[in-house]
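Structure, as structure tokens:
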Amino acid sequence: MEGDGARSAITLGPVDVPKAPDVLARELRERILSGELKEGAALPAERELVKQTQMSRATVREALRILEVQNLVRVKAGRAGGAFVQRPTTASMAKSVSTLIRGRQIKLADLMETREALEPFCAELAAIKRTEADLATLDRANGAIAAPDADLSQFLQANVDWHVGVAIASHNELLIGFMTALSQAIYTGTENAAFVDDSVRAATARAHKSVTKAIRDKDAETAGRRMRTHVHTYAAAALKVDQRDSITVDN
Ligand SMILES: [Zn+2]
């Protein structure tokens, strides 16, 4: 041992000690994400968790609050209450992507580019994997978009429903999450009556119908090609009149 006065050449940075609630939350999160804890399973009651983990009541509560904010548990009040496991869904993914689009002020042009990359592939997959229920959803959206008395918001909603419907028919959860978020953002970005005139509406309704037909016929190549043409044409028309360099998305 050196004397008290000697200086060591060794230096240490500040040590980052993880906080107890974070440690417990991480432990539970891993078990939820790995599938070990099933959807809807009840976590032990608070006092039971305190006993099992030997952590304080405040720590257990804070850990559960962290998981609740991350949408990984649902806390119900009352006698039959408690914390219940909630596994991530495409809806929670869509929400994260929406938050990113909004928080980073992603430009409409970038949204459109992403859509052009993803949607033709969604349409190809949809042609291979679609079910009768998927086709019924697309038919409903096609009926709504062609309704003669539809106002702008009804038109845009039918547009979103159809595009999300194609993604759902792809049966790929990542694509569904991305497309749900992108479609909502594009809805907001194209909420422009000057752009959505009668001819844009008619062309959109026609394009949706012809892509739907290819999906129904299980013709993946045609579905992809028609979707590419549609999203490209729509993007070009929207960007021509888009004066804004950023958009906002409502969650
Ligand atoms: Zn469309």
Side-chain angles (χ1 to χ4, degrees), residues 90 94 97-98 101 106-130 134-172 175-217 219-242 244 247 249-250:
T90 49
V97 176
S98 286
I101 290 171
I106 304 287
K107 291 178 179 147
L108 183 60
D110 291 356
L111 293 176
M112 293 295 197
E113 266 175 23
T114 310
R115 186 186 198 191
E116 285 189 50
L118 294 179
E119 289 215 67
F121 187 60
C122 284
E124 285 177 27
L125 279 181
I128 297 163
K129 299 191 177 173
R130 96 285 185 290
D134 295 331
L135 292 174
T137 302
L138 297 179
D139 289 342
R140 249 194 323 277
N142 284 336
I145 212 165
D149 53 348
D151 63 17
L152 179 66
S153 71
Q154 284 166 327
F155 167 83
L156 290 173
Q157 190 56 53
N159 196 19
V160 167
D161 290 346
W162 185 83
H163 284 273
V164 172
V166 173
I168 290 171
S170 80
H171 293 266
N172 177 311
L175 288 173
I176 296 168
F178 274 130
M179 282 313 306
T180 302
L182 278 181
S183 299
Q184 282 160 359
I186 288 167
Y187 178 116
T188 313
T190 54
E191 213 171 6
N192 182 335
F195 150 63
V196 186
D197 58 15
D198 284 350
S199 77
V200 166
R201 287 198 196 196
T204 300
R206 258 197 321 275
H208 286 195
K209 259 185 144 166
S210 76
V211 177
T212 303
K213 183 179 184 306
I215 291 173
R216 176 170 270 116
D217 295 345
D219 183 346
E221 200 243 298
T222 305
R225 180 165 35 79
R226 287 177 181 167
M227 182 66 107
R228 184 169 294 109
T229 305
H230 168 54
V231 292
H232 185 77
T233 310
Y234 196 82
L239 292 174
K240 214 162 72 182
V241 299
D242 183 51
R244 291 164 292 183
I247 62 156
V249 181
D250 295 323

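Note that the structure is a prediction, hence the values are computed from the model and not measured. Counting starts at 1 for both ligands and their atoms, in listed order.
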Quick one: pull up CZ in Arg206 and CZ in Arg201 and give me the separation to the nearest 0.5 Å. 14.5 Å
Look only at the side chain of Ser210 and the backbone of Ala207, and say whether a donor-acceptor pair between them is shorter than 3.5 Å. yes
Non-neighbouring partners of Asp151 that pass side chain to side chain donor-acceptor pair (under 3.5 Å), sequence neighbours left out: Ser153
Using salt bridge (Lys or Arg N to Asp or Glu O under 4.0 Å) as the criterion, list what pairs up with Arg225, not counting sequence neighbours. Glu221
Contacts of Asp110 meeting salt bridge (Lys or Arg N to Asp or Glu O under 4.0 Å) (sequence neighbours excluded), chain-then-number -> none
Around the Zn ion (ligand 1), what protein N, O or S atoms are found below 2.8 Å? Asn159 OD1, His163 NE2, His208 NE2, His230 NE2
Please round to the nearest 0.5 Å and tell me the distance separating atom CG of Leu118 and atom CE of Met227. 10.5 Å
